[in-house]
S.K.: 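First the structure, which I've put down as structure tokens, then a few questions once you've had a look.
None of these values were measured; they are calculated from a predicted model. Residues take their numbers from the sequence shown, with the count starting at 1.
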Amino acid sequence: MDNILTVSELNFKLNQVLEARFPFIWVKGEVTNCVKASSGHIYFSLKDNQDLISCVWFKRYHQDLTFDPLTGECFDEGAKPSLAHSLRDGQEIVCAGRLTVYGARGQYQLIIEHAIESGIGQLYEAFERLKRKLASEGLFDNKYKKPIPKYLKNVALITAPTGAVIHDFLRISAKRGNKSYIHIFPSLVQGDEAPEQLIQALQTAQDHIFPNQKKADVIVLIRGGGSIQDLWAFNNENLARAIFSCSIPIITGIGHEPDYSIADYVSDKSCATPSHVAQFLWKERDILIQELDDLEYTLKSYFTNKINKLERECQFLIKGLHYVSPKNKLFEKSIRLDELQSRLHLAQKNLLQEKYYLINNTQKTLLQYKPQVTYYTDILKQNQKDLHKTINTIFEKKDISYQKVTHSLQSNFIEYIKEKETLLEKLNIKLEANNPKKPLEKGYLYAEKIINGQTNVVKSVNDLQKNDMLKLHIFDGTVETLVQTIHPKK
């Protein structure tokens, strides 16, 4: 049993064989699964149509090239940047290095020392060609992206029915899902038949009715990481168009963070990984509780401020109502009336006292002059008698004169009326003879020119112009007309 080797010994011997058999080799292939570590090292795989080989390009070999490693020709223009700066999935490269066994994983790998670009790989070229085509048709435009509902009840999940991806998604949704319905629509996610199955699952998910009698709020399309060949089903044109035409928002989580497929570009929301999809759809319960607390605080603050504001307005209105209240006005008027009554009583009292004092003083004064008053009173009475007698005599004389004047006026007035009646008859006959309406009864008429609502009698054709407005007076009415033609008398 001396020939029994440990794993480390076997890997060491294999490494010696590989390094002796392949001390320095050139390999051509397409880059896939390219990862640039924080240390500066680059890890990727080279592939052809059938197989893969793991590669590592250490940072110390990233020097800029001063010559072509294939031909040995020096670059006249100076050093060219190392391909390490722009290495990406889909590039077809030619690289040189050493084969070695990586003991930690027990697999052989190629240690890259030089690498130059051979051309863009066929898959990457096809990817870019389809990407440009769909972009030119507007399938990637944000204006067509459907919004994702904030609160989800029904989720349609399209993925492979087995594997870590679906378990991770369901595990996260179980913690955060808040009693959402999740219906799984199984489908292949790799291989030539995968695009057709994905399209069929997408159509079925759109028509599915959940237990709450509603359709899906969102459709989730997820798959784990892999090479560009593994993810190629999601770069299918028919699948892209089916996603674009779907009436329900679609979220994709395909591959790992560096991976990006055509389906990601077309979908309404793309997440880095399937787990990120679940984390995007459902927030953590602690965050939801915190948001709920914030909403509760906001609502309480709002209603407290609202109530305080309404109370202040109510107090203001009560004060205003009290100020304009009829009862308050009546009370003010009542006080004013009492005040006026008091002032009136006081004024009456003062006036009566003044009159009382005046009467007393007058009585005293009259008593002093009583003998003289009696004397003058007798004289006044006698004068009144003489005055009445004289007035009666005058009235008798004036009455006789008045009768004579009245008789004379009556006679003169009758004569005056007769003269005026005769004159009126003469003037009436003359007026009738000059009445302008008399000729109208015989068929004549006369015209007036209307200017700004005013009328002037037309006496000559020289007073008129074409399109002047005329009012024609006829025996039984008037007519308004426009002047069309003027014929002066020759």
Side-chain angles (χ1 to χ4, degrees), residues 30-36 86-92 120-150 152 155-159 165 169 185 187-192 194-206 215-281:
E30 182 179 339
V31 177
T32 186
N33 301 328
C34 181
V35 177
K36 297 181 179 180
S86 59
L87 190 68
R88 65 184 185 279
D89 286 348
Q91 280 183 303
E92 189 168 296
I120 300 177
Q122 295 179 354
L123 290 178
Y124 185 75
E125 185 178 0
F127 173 85
E128 289 296 325
R129 185 167 55 251
L130 179 59
K131 178 182 172 183
R132 289 193 297 270
K133 176 183 178 182
L134 297 181
S136 66
E137 296 180 16
L139 269 69
F140 303 159
D141 289 352
N142 288 329
K143 64 181 180 180
Y144 297 120
K145 305 289 185 185
K146 294 177 283 297
I148 308 300
K150 188 174 183 180
L152 304 172
V155 178
L157 177 61
I158 301 176
T159 188
V165 171
F169 184 89
F185 297 87
S187 171
L188 290 176
V189 292
Q190 182 175 338
D192 295 338
E196 187 61 34
Q197 286 198 19
L198 289 169
I199 293 172
Q200 184 61 43
L202 192 60
Q203 293 173 347
T204 304
Q206 290 185 74
K215 292 187 176 182
D217 297 316
V218 68
I219 297 176
V220 176
L221 194 59
I222 58 175
R223 188 212 187 280
S227 65
I228 189 172
Q229 297 97 328
D230 298 336
L231 304 177
W232 194 250
F234 296 92
N235 296 324
N236 181 272
E237 181 177 355
N238 292 333
L239 176 60
R241 296 188 183 280
I243 293 174
F244 180 77
S245 60
C246 181
S247 59
I248 298 174
I250 294 180
I251 302 179
T252 54
I254 300 167
H256 297 306
E257 190 164 355
D259 302 321
Y260 218 81
S261 65
I262 295 296
D264 290 315
Y265 283 109
V266 183
S267 65
D268 300 296
K269 173 67 180 178
S270 174
C271 296
T273 66
S275 298
H276 288 163
V277 175
Q279 293 168 0
F280 170 78
L281 290 176

S.K.: Can any side-chain N or O of Q197 pair as donor or acceptor with the backbone N or O of L188 at less than 3.5 Å?
M.R.: yes
S.K.: For K36, give me all partners under salt bridge (Lys or Arg N to Asp or Glu O under 4.0 Å), at least two apart in sequence or on another chain.
M.R.: none
S.K.: If we only count heavy atoms from C-beta on, is the V165 to V189 side-chain gap below 4.5 Å?
M.R.: no
S.K.: For Q190, what residues pass the side chain to side chain donor-acceptor pair (under 3.5 Å) criterion, not counting sequence neighbours?
M.R.: R223, D230
S.K.: Taking side chain to side chain donor-acceptor pair (under 3.5 Å) as the definition, give me every residue that meets it alongside K133, ordered by chain and number, with sequence neighbours left out.
M.R.: E237
S.K.: Does S187 form a side-chain contact (heavy atoms from CB on, under 4.5 Å) with Q200? I'd like the steps, not just the answer.
M.R.: CA-CA 9 Å; S187 171; Q200 184 61 43; over 6 Å; no
S.K.: Determine whether N236 and L198 make a side-chain contact, defined as any pair of heavy atoms from C-beta on separated by less than 4.5 Å.
M.R.: no
S.K.: Kindly determine whether S261 and L231 satisfy side-chain contact (heavy atoms from CB on, under 4.5 Å), including the steps that lead there.
M.R.: CA-CA 8 Å; S261 65; L231 304 177; 5.7 Å; no
S.K.: Under the side chain to side chain contact (heavy atoms under 4.5 Å, CB included) test, which residues partner I251, sequence neighbours left out?
M.R.: I148, V218, K269, C271, V277, F280, L281
S.K.: Holding to side chain to side chain donor-acceptor pair (under 3.5 Å), I want the full list of residues that pass it with K131, two or more places apart in sequence or in another chain.
M.R.: Y265
S.K.: Between OG of S270 and CD1 of I254, what distance do you get to the nearest 0.5 Å?
M.R.: 7.0 Å
S.K.: For E137, give me all partners under salt bridge (Lys or Arg N to Asp or Glu O under 4.0 Å), at least two apart in sequence or on another chain.
M.R.: R241
S.K.: Looking at A240 and I262, what are the two nearest heavy atoms and their distance?
M.R.: CB-CG2, 3.7 Å
S.K.: Could you tell me the separation between the CG atom of L134 and the CG atom of D141, rounded to the nearest 0.5 Å?
M.R.: 11.5 Å
S.K.: List the atom of F169, the atom of V220, and the distance in Å for their closest heavy-atom pair.
M.R.: CE1-CG1, 4.0 Å
S.K.: Which residues pass the side chain to side chain donor-acceptor pair (under 3.5 Å) test with T252, sequence neighbours left out?
M.R.: D264, S267
S.K.: Please step through side-chain contact (heavy atoms from CB on, under 4.5 Å) for the pair I243 and L221, ending with a clear verdict.
M.R.: CA-CA 10 Å; I243 293 174; L221 194 59; 4.0 Å; yes
S.K.: Search all heavy atoms of A194 against all heavy atoms of A233 and return the closest pair with its distance.
M.R.: CB-CB, 3.6 Å
S.K.: Could I get the full list of side chain to side chain contact (heavy atoms under 4.5 Å, CB included) partners for S245, not counting sequence neighbours?
M.R.: none
S.K.: For A205, what residues pass the side chain to side chain contact (heavy atoms under 4.5 Å, CB included) criterion, not counting sequence neighbours?
M.R.: A156, I158, F185, I219
S.K.: Please identify each residue that fulfils ring pair (Phe, Tyr, Trp, His ring centres under 6.0 Å) with F244, with sequence neighbours left out.
M.R.: Y144
S.K.: Going by the rule salt bridge (Lys or Arg N to Asp or Glu O under 4.0 Å), which residues pair with D268 if we only count those two or more places apart in sequence or in a different chain?
M.R.: K146
